[in-house]
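Scroll down for the structure; my scribbles are underneath it.
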Amino acid sequence: MAPRRPSPIDSASLSDAGTRTLPTRFEAAPAEARWYRAWLERGLFHASVDDPRPRFSMVIPPPNVTGSLHLGHALNNTLQDLLARHKRLQGMNVLWMPGTDHAGISTQVVVERELAKQGKTRHDLGREAFVDQVWEWKARYGARIVQQLQALGCSCDWQRERFTMDPGLSRAVREVFVRLYHEGLIYRAEYLVSWCPRCSTVLSDLESPFRPVAGKLYAIRYPLVDGEGALVVETTRPETLLGDTAVAVHPEDPRWSRFVGRRVRLPLLGREIPVVADPFVDREFGSGAVKVTPAHDPADFEVGRRLGLPALNILEPDGRLNANAGPYAGLDVMEARRRVVADLEAEGLLAGVKDHPHEVPHCDRCDTLVQPLLSEQWFMRMEPLARPAIEAVRSGRVVFHPKSWENTYFHWMENIRDWAISRQLWWGHRIPAWRCASCGEWTVTVEDPERCAHCASGAIVQESDVLDTWFSSALWPFSTLGWPDDTPELRLFYPTSVLSTAFDIIFFWVARMIMMGLHFMGDVPFREVYIHALVRDEKGRKFSKSKGIGIDPMDVMAVYGTDAVRWTLTSLAAQGRDIRFGEHVLEGGRAFVTKLWNAARFALLNLGDFDPQAPAGSGGLYDRWIRTRLDVALAEAHAALDAYRFSDAAGALYAFVWGELCDWYIELAKPALQGSDNAARRATQRTLLEVLAGALVALHPVMPFVTEEIFQALPGRDGRLLMEGHYPAAAPALAAEEAAEMEALLAIVSRVRQVRGELGLPPSQRVRLGFPAAAAELVRRHEVGIRTLTGAGELHFEAGEAPATAAVTLAAGFAVRIELDDPRFLSEELRRLEKVLQNLEKDLEGVGKKLENPKFLERAREDVVAAEREKHARLAAERAATAERLARLRGLEGAAR
RNA sequence: GGGCGCGUAGCUCAGCGGGAGAGCACCUCGCUUACACCGAGGGGGUCCCAGGUUCGAAUCCUGGCGCGCCCACCA
């Protein structure tokens, strides 16, 4: 449990059971600090393994220690926090496991940049000192992202915070590496890898995205050795010809078949290389002949393997050409390209140059042009791991939301390639493999070995490479819970309930966690995967720090308040769509926070003499009605959350608080609250308090701070925090005739307001309303409410036909007469009625056609036909009534002229 | 070259087989002792186009057009 130190909050406000008033404005910043600390001090974020309640667990996608919060994090972690708080309020034992990722390349690059400012490189320090330096950097700045998550309100179990290079997690990494190695799933091989010359490391496919470049296509003549003529090949990288070991044509290409098996002379270097045939050649492209450079092109590498061609490496790891490049040795790739092209031209071997915009891989971290390079690397064999992982999703053991992402997953997994897991970096998990200097074999063990496992020689040297960052991330769901030990945490919280993340790391991370979880835990790491939308800017561009576009969530949290930011992100988080986010959308969120605040202020101003202990009845119709509306909103919101429709959940709560509680209930409650009937006032006070508290609980997962701040001002809270509460039980449903009565009341008020609005009547102008005697009972029951909400002066009731002047039909099924001396009324009303009649005619015609259509009657479902009949009857009655009223008004208008 | 998604009110988007919706913006009226970050009211849409299926299509199918994204060895 959390250390329970008494806090100022404990003594100051929490024990105060009395009602307080709220200041005019909600001050977000102090409230955020105050309540986050209070929750922490009460240990409310902590999940105990001894808690018998049903459990709910998530692991946070660990942000980079170098990182700072961006909107994508803000969205993802808001949604996770929303789920965590929601599940707690439902009475579950919730673990939200937090932590950070060491982020190999990113972090190393950051520290190297620091060094560069002092004119140093990591090599000046040496490995050990450099790694120490990175740890130091991490100690100094690594907490920033965590502080930002806390500022966002994330209710992670910080006592369990992990870092991917913690001793425990490092042990898990070693354990996994060693086991996979001995299972034959990790191996070492020579392979053509994507190499970043700047970072001096291999990159995975995923780390080397394609970016467009304005390249050129060079056509080069390769003269035949035994005769006249030449083969023309085209390339975008002419310098690679220095490493060519063949020219390839399509085996069924009649233009070139007679050349297969002959030899051509490599331009500039003069080596003789064979002409080979392979179906990979595209006959349509260029001349139909292609140079083959197995050591520097992925496609050529494959062909080279197939045909047994030598792979001639011409590149050093620093991106300069080596001795194999002959006179070009020592040049970097771009210099070499210029020189090669110039020399080709001089020798008359350049057959043409044309512009050729295309896409080539760049380093994800530093944007340097990636070079394919032949080297020895460690690989993980993926196919055997992928098979059960595909099955796990196919069988529904893991479900993606939205489900369409499963296709993306399947497509990648079914075409999966072995994973190059080694990186030539210093910051990361050093590969636990030692090479023997005397026998050359590898010793792979969890504990550092003393001698070679094969020949017992003591001359062993540890592999200098570290593992790809994603290697440790893949273990995150179980390594954070204590694996490889069999811990209570692991037993209770694994598999986790849900993982929430972005689609762009489905391959990097989600797929690999599923594979590793299945392999080492024998079970999936999570039951559900929620893939959230991508946050873009207003123009639909991806937020990008490097391009300088983006909104810093910390900035807008300071301006609009964290609750407003959380609310806005949640309400935009619709499924299957990107979020376009401009700062102005936050105004809506802030307005809603303010609205809630003001509703609470109103409640507190009117709760002055309220005694929470006093017994109270069930209240009046308005009270019972608003309770049921709260229940409906809660049910809708929770159903939406269960389906990960976050925006719908937010929408349901918004509609309730603003559209029902504030717009209707509070207005209807005012007379009772301010009246002299003590019993009625107490009942209304109680309802107001209960419904407000209900709204606070309902909204707490999205807007934890303002709801807690308000809650702490309410009477009767007994020193408790809102966060440790639970959702209210449902109130009894309204009887059908009560529901109808409320509907009628709302319709009357709306209709009168409409007339007032259309005529532009100021509130100071009273109107007189008339009702038929049949409605008298209902209207009289709600006379005060109607009068308050419509500004009507007096109500009266008449038996029989109302005077023709101003009667209007209501949805409630009876006429209400608005009596006005205003001459505009007649013409406005005429105009309106004409439009109403027109719409009615149109609707009626549509329904009528349907009902006259024998095929409709024959083939449509019975209930549909019945509904249409009913609709037709209703429309017809309305049309008749409207037409009649219109006729009468026209008569009056005529008379008035 | 494959695959996925999206085109609905000025903007951002819901709706995905039975009478076109929300928020914002806009217009009118209103500082009514919770709230002008507000209240009341209003206007505004060949639901991208063309075919088809159906009694009935914004909603399903096919084909266009436009815009995104992902995957891929056209050098």
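Sequence lines set the chain letters: A, B, ... in the order given, protein chains first and strands last, and positions in each chain run from 1. For the numbers below, each heavy atom of this structure counts, side chains included, while hydrogens, waters and symmetry mates do not.
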*asked:* Apply side-chain hydrogen bond (donor to acceptor under 3.5 Å, both in side chains) to residues A:K670 and A:T788 and explain how you reach the verdict.
replied: CA-CA 9 Å; A:K670 279 177 180 173; A:T788 326; over 6 Å; no
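Nearest nucleotide to the side chain of A:T236, out of B:C24, B:A34, B:A75: B:A75. The A:F280 side chain lies nearest to B:A75 when the options are B:C71, B:C35, B:A75.
Of the nucleotides present, none pairs with B:U59 by Watson-Crick or G-U wobble criteria with both distances under 3.5 Å. Using the Watson-Crick or G-U wobble rule with both distances under 3.5 Å, B:C67 pairs with B:G5. When both distances must be under 3.5 Å, the Watson-Crick or G-U wobble mate of B:C47 does not exist. Nucleotide B:U53: unpaired (no Watson-Crick or G-U wobble partner with both distances less than 3.5 Å). In this structure, B:C35 forms no base pair with any nucleotide, since neither Watson-Crick nor G-U wobble geometry is met with both distances under 3.5 Å. In this structure, B:C11 and B:G23 make a Watson-Crick or G-U wobble pair, each of the two defining distances being under 3.5 angstrom.
Between A:I666 atom CD1 and B:U32 atom P the separation is 18 Å, expressed in whole Å. Whole-Å rounding puts the A:I579 CD1 to B:C13 P distance at 10 Å. A:N606 has its CG atom 13 Å from the P atom of B:U33, to the nearest Å. Look at CG on A:L586: it is 21 Å from P on B:C11, rounded to the nearest Å.
The side chain to side chain donor-acceptor pair (under 3.5 Å) search around A:Y560 returns A:E583, not counting sequence neighbours. Shown here are the salt bridge (charged side-chain N to carboxylate O under 4.0 Å, His left out) partners of A:R255, two or more places apart in sequence or in another chain: A:D253. Partners of A:R221 according to the side chain to side chain donor-acceptor pair (under 3.5 Å) rule, which considers only residues two or more places apart in sequence or in another chain, do not exist here. Residues passing the ring pair (Phe, Tyr, Trp, His ring centres under 6.0 Å) test with A:Y665: none are found, sequence neighbours excluded.
Note on A:N853: only backbone sugar-phosphate atoms sit closer than 4.0 angstrom, heavy atoms only; bases stay farther off. Within 4.0 Å (heavy atoms only), A:L217 reaches no atom of the nucleic acid at all.
The phosphate of B:G56 (OP1 or OP2) has no side-chain N or O of A:K849 nearer than 4.0 angstrom.
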_Where protein sits on nucleotides 37-43 of chain B, one letter per nucleotide: B base, S sugar-phosphate only, - none, heavy atoms under 4.0 Å_ = BSSSSSS
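By the 6.0 Å contact criterion, CD on A:E414 is enclosed, its count of non-hydrogen atoms from other residues, nucleotides or ligands being greater than 12.
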For nucleotides 16-20 of chain B, which of its nitrogen or oxygen atoms have a protein nitrogen or oxygen under 3.5 Å away, and what is each distance?
from  : atom 1 : to     : atom 2 : distance (Å)
B:G19 : O6     : A:R874 : NH2    : 2.2
B:G19 : N1     : A:R874 : NH2    : 3.4
B:G19 : N2     : A:D843 : OD2    : 3.2

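Of the possible donor and acceptor atoms, one in the side chain of A:R756 sits under 3.5 Å from a partner among the backbone N and O of A:T790.
In this structure, CG in A:L668 is found 5.0 Å from OH in A:Y622, a value given to the nearest 0.5 Å.
Considering A:W412, A:F503, A:F400, A:F410 in turn, A:F503 is the only one that fulfils the ring-ring contact (aromatic ring centres under 6.0 Å, His included) rule with A:W405.
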